[in-house]
Amino acid sequence: MRATVAVVDTEQLRQNFRIVQEYVAGRAILAVVKANAYGHGLIECAEIFRQEGAAMLGVAYVQEGIQLRQAGNPAPILVLTPPQPEEAALYCQFELQAVACSLSVMEHFAAEARRRGVRIRIHLAVDTGMHREGIEPAAVEGFLERLRELEGLELVGLWTHFASADEPDASFLWTQWRQFQEVVQRVRRAGFSVPYIHAANSAALVRFPETWATLVRPGIVLYGYQPWEGERLPVRPALQVKSRVVDCRRLRPGDGVSYHRFYVAERETTVVTVPIGYADGYRYSLGGRAVCLIHGKRFPVVGAVCMDEIVVDVGDEPVQIGDEVVLLGEQGAEAIWADELACWMRSIPYEVLSGLSIRVPRLYVGTEQLYDADEQLQSAPARV
Ligand SMILES: Cc1ncc(COP(=O)(O)O)c(C=O)c1O
């Protein structure tokens with residue numbers, strides 16, 4: 001195991017799921033586990049959420065669905081991005097549910113399903129204003145008429161996605177919601193009974209119970225982040241990124257640090273090297289902007305972030321090789337969470353979390369074990 005690890009608190013993930021579950025009072029939950037479960041580990045998180053009662057799992061790509069099936073996860077899985085015609089066989093083979101937004105692709109899917117004697121479950125995507133995927137509300141009738149003739153497909157969901165559920169001004173969300181409601185009514189009037197009507201991501205879920213419909217689709221809130229600045233659920237982050245000091249030196253005034261010597265010491269100071277870099281998802285843009293935690297204090301990341309290493313200016317703090325460094329998470333009374341890293345990166349917490357690369361080993365611990373794991377990390381020999 002390398003010095004840099006992502007410690008994932010599985011008990012906290014369970015807690016977060018339960019908090020959401022209780023809040024939505026019996027609505028079905030599609031747990032969004034795409035992008036390696038926002039960096040927390042696809043297989044592990046999907047299994048935790050399935051055990052906790054998720055009605056469905058949401059992935060972005062068919063490959064992620066296949067990974068879950070190969071790991072033995074039997075939960076219903078919806079692939080959230082529009083499918084390609086050539087993926088039809090995989091949807092059948094791995095029993096994945098598809099987003100429907102193109103008639104020609106659905107004709108292809110229906111043909112493949114008939115050939116194999118199975119049915120592909122589909123969720124009709126309605127574009128109410130996100131303009132990313134889905135059919136125009138006006139095209140719904142035509143789509144449904146064709147769907148009636150197509151054997152091999154089963155319409156189980158009707159959904160839309162909000163463009164701005166996390167913005168203080170919710171007027172566009174309500175425009176989208178009204179359009180979606182009209183479509184839902186038209187689909188019902190056309191004689192379709194669709195079990196899953198869904199729209200709410202984390203922000204809509206937390207703010208607007210009116211949008212819960214029959215299924216909610218939380219992502220970020222399950223991983224412990226508040227989806228917007230207003231109402232809060234008592235969820236907490238479940239992932240920390242920790243490392244260790246692997247080298248240490250004293251600089252003289254005028255000494256430069258890392259590529260291009262962007263940082264030049266103005267006075268005598270100590271800099272330490274930490275083995276994490278942009279290839280781990282610790283972005284280049286963090287150089288000269290981020291801080292990390294050592295001895296429970298904040299110290300600046302100085303100079304350019306390298307592919308595998310960063311340099312931290314610890315001033316006169318007596319830091320030694322092997323000392324723990326927290327890049328994301330808590331140490332003593334201090335904490336750095338993905339929102340703060342995102343500010344330094346000019347980004348959003350979603351990118352911070354999902355961008356944590358697979359090169360960083362994930363260490364899964366429960367709440368009680370977290371401290372043991374920390375001690376293990378502290379007492380493990382330094383890797384120099
Ligand atoms: C279609 C869809 N539904 C739900 C989500 C979950 O969003 P959030 O993480 O904001 O809850 C996403 C995430 O991007 C998404 O693309």
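No hydrogens, no waters, no symmetry mates; every other heavy atom, side chains included, goes into these values.
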Problem set entry | Partners meeting side-chain contact (heavy atoms from CB on, under 4.5 Å) with Phe143 (sequence neighbours left out) | Ala100, Leu103, Met106, Leu124, Ile135, Leu147
Exercise. What about Val245 and Val257, same hydrophobic cluster or not, with Ile/Leu/Val/Met/Phe/Trp/Tyr joined at side-chain heavy-atom distances under 4.5 Å?
Worked result: no
For this session: Any chance you could measure Thr273, atom OG1, to Ile321, atom CD1, to the nearest 0.5 Å?
Result: 8.5 Å
Exercise. Please walk me through it: do Val235 and Gln15 pass side-chain contact (heavy atoms from CB on, under 4.5 Å)?
Worked result: CA-CA 7 Å; Val235 294; Gln15 278 284 331; over 6 Å; no
Exercise. Of all heavy-atom pairs between Leu158 and Phe180, which one has the smallest distance, and what is that distance?
Worked result: O-CZ, 3.4 Å
For this session: Specify the closest pair of heavy atoms between Asn16 and Leu222, including all atoms of both residues, with the distance to one decimal.
Result: ND2-O, 3.0 Å
Problem set entry | Tyr91 side-chain N/O to Ala98 backbone N/O, donor-acceptor pair under 3.5 Å | no
Exercise. Would a distance-only check, ignoring hydrogens and angles, find a side-chain to backbone donor-acceptor pair under 3.5 Å from Arg236 to Gln12?
Worked result: no
Exercise. Yes or no on side-chain contact (heavy atoms from CB on, under 4.5 Å) for Phe162 and Thr211, after CA distance, side-chain angles and deciding distance?
Worked result: CA-CA 10 Å; Phe162 294 126; Thr211 66; 4.0 Å; yes
Problem set entry | Any donor-acceptor pair under 3.5 Å from Thr4 side chain to Pro275 backbone | yes
Exercise. Between Phe262 and His260, is the gap from one ring center to the other below 6.0 Å?
Worked result: yes
Exercise. What orientation do Tyr23 and Trp212 show, parallel under 30°, tilted 30 to 60°, or perpendicular over 60°?
Worked result: perpendicular
For this session: List in chain and number order the residues that pass side-chain contact (heavy atoms from CB on, under 4.5 Å) with Ala290, two or more places apart in sequence or in another chain; answer none if no residue qualifies.
Result: Tyr282, Leu286, Val301, Trp344
Exercise. Hey, does the side chain of Arg289 reach the backbone of Met345 with a donor-acceptor pair shorter than 3.5 angstrom?
Worked result: no
Problem set entry | Distance, nearest 0.5 Å, that separates NE2 of His198 from OG1 of Thr214 | 7.5 Å
Exercise. Counting N and O atoms only, with roles assigned by atom type, does the side chain of Gln240 sit under 3.5 Å from a partner on the main chain of Glu330, one being a donor and the other an acceptor?
Worked result: yes
For this session: Drop me the distance from His295's NE2 to Glu324's CD, to the nearest 0.5 angstrom.
Result: 9.5 Å
Exercise. Any ion pair linking Lys297 and Glu334 (charged N to carboxylate O, less than 4.0 Å)?
Worked result: no
Exercise. So, are Arg116 and Glu112 salt-bridged, with charged N and O less than 4.0 Å apart?
Worked result: yes
Exercise. Taking the side chain as C-beta and beyond, is there a heavy-atom pair between Met307 and Tyr278 under 4.5 Å?
Worked result: yes
Problem set entry | Heavy atoms of other groups near Gln93 CD, more than 12 under 6.0 Å | yes
Exercise. Using 4.0 Å as the upper bound for N to carboxylate O, is an ion pair formed by Arg2 and Asp280?
Worked result: yes
With a cut-off of 3.5 Å and sequence neighbours excluded, list every side-chain donor-acceptor pair involving residues 203-210.
{"from": "Arg207", "atom 1": "NH1", "to": "Ala165", "atom 2": "O", "distance (Å)": "2.6"}
{"from": "Arg207", "atom 1": "NH1", "to": "Glu167", "atom 2": "O", "distance (Å)": "2.7"}
{"from": "Arg207", "atom 1": "NH2", "to": "Glu167", "atom 2": "O", "distance (Å)": "3.3"}
{"from": "Arg207", "atom 1": "NH2", "to": "Pro168", "atom 2": "O", "distance (Å)": "3.3"}

Give every donor-acceptor pair under 3.5 Å between a side-chain atom in residues 48-55 and any protein atom, sequence neighbours left out.
{"from": "Arg50", "atom 1": "NE", "to": "Glu47", "atom 2": "OE1", "distance (Å)": "3.1"}
{"from": "Arg50", "atom 1": "NH2", "to": "Glu47", "atom 2": "OE2", "distance (Å)": "2.9"}
{"from": "Gln51", "atom 1": "OE1", "to": "Arg14", "atom 2": "NH1", "distance (Å)": "3.1"}
{"from": "Gln51", "atom 1": "OE1", "to": "Arg14", "atom 2": "NH2", "distance (Å)": "2.8"}
{"from": "Gln51", "atom 1": "NE2", "to": "Glu47", "atom 2": "OE2", "distance (Å)": "2.9"}
{"from": "Glu52", "atom 1": "OE1", "to": "Arg18", "atom 2": "NE", "distance (Å)": "2.8"}
{"from": "Glu52", "atom 1": "OE1", "to": "Arg18", "atom 2": "NH2", "distance (Å)": "3.4"}
{"from": "Glu52", "atom 1": "OE2", "to": "Arg14", "atom 2": "NH1", "distance (Å)": "2.8"}
{"from": "Glu52", "atom 1": "OE2", "to": "Arg18", "atom 2": "NH2", "distance (Å)": "3.0"}

For this session: Please check if atom CD in Glu266 has more than 12 non-hydrogen atoms from other residues, nucleotides or ligands closer than 6.0 Å.
Result: no
Side-chain donor-acceptor distances from residues 56-65 under 3.5 Å, at least two apart:
{"from": "Glu64", "atom 1": "OE1", "to": "Ala60", "atom 2": "N", "distance (Å)": "2.6"}
{"from": "Glu64", "atom 1": "OE1", "to": "Tyr61", "atom 2": "N", "distance (Å)": "3.0"}
{"from": "Glu64", "atom 1": "OE2", "to": "Ala35", "atom 2": "N", "distance (Å)": "2.9"}

Exercise. Would you say the side chain of Gln179 lies within less than 4.5 Å of the side chain of Val126, judging by non-hydrogen atoms?
Worked result: no
Problem set entry | Exam field: side chain Ser357 to backbone Gly281, donor-acceptor pair closer than 3.5 Å | no
Problem set entry | Euclidean distance, Ser202 OG relative to Trp228 CH2, rounded to 0.5 Å | 14.0 Å
For this session: Answer yes or no: is there a donor N or O on one side and an acceptor on the other, between the side chain of Arg146 and the main chain of Glu141, under 3.5 Å?
Result: no
Exercise. Is it true that atom CD of Glu107 has more than 12 heavy atoms of other residues, nucleotides or ligands lying nearer than 6.0 Å?
Worked result: yes
Exercise. For atom CD of Glu151, is the number of surrounding heavy atoms from other residues, nucleotides or ligands below 6.0 Å larger than 12?
Worked result: no
Problem set entry | Minimum side-chain heavy-atom gap Tyr225-Trp337 below 4.5 Å | yes
For this session: State, yes or no, whether a side-chain contact exists between Ile43 and Arg362 at a heavy-atom distance under 4.5 Å.
Result: no
Problem set entry | Flag if over 12 foreign heavy atoms under 6.0 Å of OH, Tyr259 | no
Problem set entry | Rounded distance (nearest 0.5 Å) linking atom CG of Asn201 with atom CG of Leu30 | 12.0 Å
Exercise. Has Glu22 got more than 12 heavy atoms of other residues, nucleotides or ligands less than 6.0 Å from its CD?
Worked result: no
Problem set entry | Worked check of side-chain contact (heavy atoms from CB on, under 4.5 Å) between Ser354 and Asn36 | CA-CA 7 Å; Ser354 64; Asn36 202 22; over 6 Å; no
For this session: Go through the structure and list residues passing ring-ring contact (aromatic ring centres under 6.0 Å, His included) with His40, not counting sequence neighbours.
Result: Tyr223
For this session: Report yes or no: does Glu309 contribute a side-chain atom to a donor-acceptor pair with the main-chain N or O of Cys306 at less than 3.5 Å?
Result: no
Problem set entry | Beyond-backbone contact of Asp323 with Val272, side-chain heavy atoms, under 4.5 angstrom | no
For this session: Keeping the roles fixed (side chain from Arg188, backbone from Phe192), state whether a donor-acceptor pair exists under 3.5 Å.
Result: no
For this session: Indicate yes or no for a side-chain donor-acceptor contact from Asp313 to the backbone of Gly315 under 3.5 Å, with no hydrogens or angles considered.
Result: yes
For this session: Kindly indicate whether the side chain of Val32, heavy atoms from C-beta on, has any atom under 4.5 Å from the side chain of Tyr38.
Result: yes
